[in-house]
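First the structure, in the form of structure tokens, and then the observations on it.
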Amino acid sequence: MTDYRGPRGTYDVYPGGREPHERPELWILVEEAARDLFARYNYSEIRTPIFEEARLFARTAGEGSDIVVQKEMFSFRDKGEREMALRPEGTPGAVRAYIEHNLYKLAQPIKLFYIGPMFRQERQQKGRYRQHTQIGAEALGTNDPLVDVEVISLLYAIHQAVGVKDEVVYLNNLGDMETRQAYVPELRAYLQRHSGELDPDSVARMQTNPLRTFDSKHEGTQAVLAEAPRITSYLSEDASEHLATVREGLEALGIPYEIDDGLVRGLDYYTMTVFEAKSSSLGAQDTVGAGGRYNGLISDLGGPDLGGIGFGTGVERMLLAAASRETGHSLDVFFVTLAPEARIPAVKLAGALREEGIASDLDYGGRGMRAQFKQADRTGASYAVILGEDELARGVVTVRDMSSGAESVVPVAEGAKDLILAVSG
RNA sequence: GUGGCCGUAGCUCAGUUGGCAGAGCAUCGGAUUGUGGCUCCGAAGGUCGCGGGUUCGAGCCCCGUCGGUCACCCCA
């Protein structure tokens, strides 16, 4: 046993992995499904560094200057004494790149997607790792509510393609500046009147960011919030029209959703539309994917005053919440060599098949015939191609159909052409 | 960072009041000298997480430590 282990809160993806998110074939499935959908929705890939200056994330995360500690960001100091951080989410990097490369000067919206690792420095629990992977999309440069509809439907489509079970999409609108100016003082005043029944964290948040008290798990706090004034009653005309259009669009597409007027999300930059997809087949961390509109973020980061909206969804959580499925990788041909002299000819034939796109493998253990057939069976090979002394002498191979057991003899003295035909059906 | 639970073969797990380290699956070989799945036989595989203590004797009891897991915090 080695003394080395993967770092705390990380995991490996490897053949035969126990958990769904440890199995390479499921990752391929998710990534291919997502890329296919991004292409169909006309989103282009963006790749940004997995670390950035910490202040970029601090800027977007909001809620005070001790944010780096508070949010458990994976930060470090580089050799030039710069405060850096492994990215906790995809949006800030994408928006930074959008501004840095002047993408706002092109025809809008710019529709981007990314797939990559994100980091958080904390103890793990079910569906939560220090390094995890998010698939995300950002539609930048427009306030059109129909883009909100597109982004939400794209998230939903990815979850459907992956097979996420028991999913519910919750929707809310946090309003614009006008809405918050009207609502926040009302909420704060209400909480103030009931501060005796709140947990200490919520009492503190009542001042800094009263919206976030909705996220508290404290029973007393939740009881107070059940009667609290709702943002939906304070929406400006703009916000309320926006919400109505988003709902209309979702209904036109037949996307099931529920309004949750207590849904606030943790990031300060959200405005207007916010949404969250949850699955009851997860544990305490039941959010599979989430996102929202961030109309102030691009200008906050030094860009023009344009809106944007995006989502992020966790690959590990999608796989945890997905129905289990059979994905045994399948091989087309396995070569069974029954004599040492057959090994080089087998290598040559396998090479020829591989060039034709036919997945082929052979025994490298010099093992007995029985073991080789067992391996052919286990790898899911459609055909076993047998090279023994008889075959070598006659310039042929025996092709065995592994499911029916039927065998045929195929000449190979003139090359692999006949063998390619025999195993292509 | 805090707390509950758990660390025994590659995997899943038994292991009695402290008394020779076990099973199933997987692996390898054989039954079947040119044929996989089913069956049978056999082999290999162990720092019982690690360190210390108690004891004639510790997988088991005690202390510490490391790791895993779930929850809290936080939620990106």
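Naming: A, B, ... by sequence-line order, numbering from 1 per chain. All figures in this text were calculated on a predicted structure; none of them were measured in a lab.
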Could you measure between the two P atoms, the one in B:rC66 and the one in B:rA23, and give it in whole Å? 35 Å
List the protein contact pattern of nucleotides 29-37 of chain B with one symbol per nucleotide (5' to 3'): B for base contact, S for sugar-phosphate-only contact, - for none; contact means a heavy-atom distance under 4.0 Å. SBB--BBBB
Please check the phosphate of B:rC72 (OP1 and OP2 only) for any side-chain N or O of A:K217 closer than 4.0 Å. yes
Could you pick out which residue, A:T10 or A:F119, lies toward the 5' side of RNA chain B when each is mapped onto its nearest nucleotide? A:T10
Which nucleotide in the list B:rG67, B:rC70, B:rU12 gets nearest to the side chain of A:R18? B:rU12
A:Y129 OH - B:rC74 P separation (whole Å): 22 Å
Please report whether the ring centroid of A:Y294 lies less than 6.0 Å from that of A:Y270. no
What's the gap between B:rC48 and B:rA43 when it is taken at their P atoms, as a whole Å value? 23 Å
Atom CD of A:Q121 and atom P of B:rU2: how far apart are they, to the nearest Å? 14 Å
Ignoring hydrogens, what is the shortest heavy-atom contact between A:E389 and A:A339? Give both atom names and the distance. CG-CB, 3.9 Å
Whole-Å distance between B:rC75 C1' and A:R130 CZ? 15 Å
I'd like to check A:L171 versus A:T273 (side-chain heavy atoms, cut-off strictly below 4.5 Å). Are they in contact? yes
Is there a side chain to side chain donor-acceptor pair (under 3.5 Å) between A:S403 and A:D401 once you walk through the steps? CA-CA 6 Å; A:S403 50; A:D401 182 320; 2.9 Å; yes
Looking only at atom C1', what distance separates B:rG53 and B:rG57, rounded to whole Å? 15 Å
Mind checking the P distance from B:rG3 to B:rG64? Whole angstroms is fine. 12 Å
Between A:N295 and the options A:D305, A:N143, A:D176, the side-chain contact (heavy atoms from CB on, under 4.5 Å) test singles out A:N143
Do any side-chain nitrogens or oxygens of A:Q285 fall under 4.0 Å of OP1 or OP2 in B:rC75? no
Pairwise C1' distance, B:rU27 and B:rC63 [rounded to whole Å]: 40 Å
Rounding to the closest angstrom, what is the interatomic distance between B:rG15 and B:rU32 at atom C1'? 38 Å
Given a 3.5 Å cut-off on both pairing distances, which stems involving RNA chain B, each at least three consecutive Watson-Crick or G-U pairs, are present, if any? B:1-7 with B:66-72, B:10-13 with B:22-25, B:27-31 with B:39-43, B:49-53 with B:61-65
Among B:rG67, B:rC74, B:rC11, the one nearest A:R5 by side-chain distance: B:rG67
Output yes when at least one side-chain N/O atom of A:R123 is less than 4.0 Å from OP1 or OP2 of B:rA71, else no. no
Check the distance between B:rC70's P and A:E122's CD and give it to me in whole angstrom. 13 Å
Can you tell me how far C1' in B:rU55 sits from the matching atom in B:rU17, rounded to whole Å? 15 Å
Rounded to whole angstroms, how far apart are CD on A:Q124 and P on B:rG67? 12 Å
Strictly distance-based, threshold 3.5 Å: is any side-chain N or O of A:D148 a donor or acceptor partner for the main-chain N or O of A:I152? no
Using the side chain to side chain donor-acceptor pair (under 3.5 Å) rule, take A:S202 and A:H218 through it: C-alpha gap first, then chi angles, then the decisive distance, then the call. CA-CA 9 Å; A:S202 296; A:H218 186 258; over 6 Å; no
Between the side chain of A:K126 and the main-chain N/O of A:L320, is any donor-acceptor distance below 3.5 Å? no
Toward the 5' end of RNA chain B, which comes first, A:G127 or A:D215, by nearest nucleotide? A:G127
Atom CD of A:E19 and atom P of B:rC70 are separated, to the nearest Å, by 8 Å
Could you tell me the separation between the OH atom of A:Y14 and the P atom of B:rG10, rounded to a whole number of Å? 13 Å
Can you tell me, in whole Å, how much space there is between the P of B:rU65 and that of B:rC40? 49 Å
On a plain distance test, is the side chain of A:R128 in donor-acceptor contact with the base of B:rC74 below 3.5 Å? yes
Among A:Y14, A:W27, A:Y129, whose ring pair (Phe, Tyr, Trp, His ring centres under 6.0 Å) with A:H21 holds? A:Y129
Report yes or no: does A:S404 contribute a side-chain atom to a donor-acceptor pair with the main-chain N or O of A:A406 at less than 3.5 Å? yes
Interatomic distance, A:E22 CD vs B:rU69 C1' [rounded to whole Å]: 13 Å
Any luck finding a side-chain donor-acceptor pair between A:D199 and A:S216 under 3.5 Å? yes
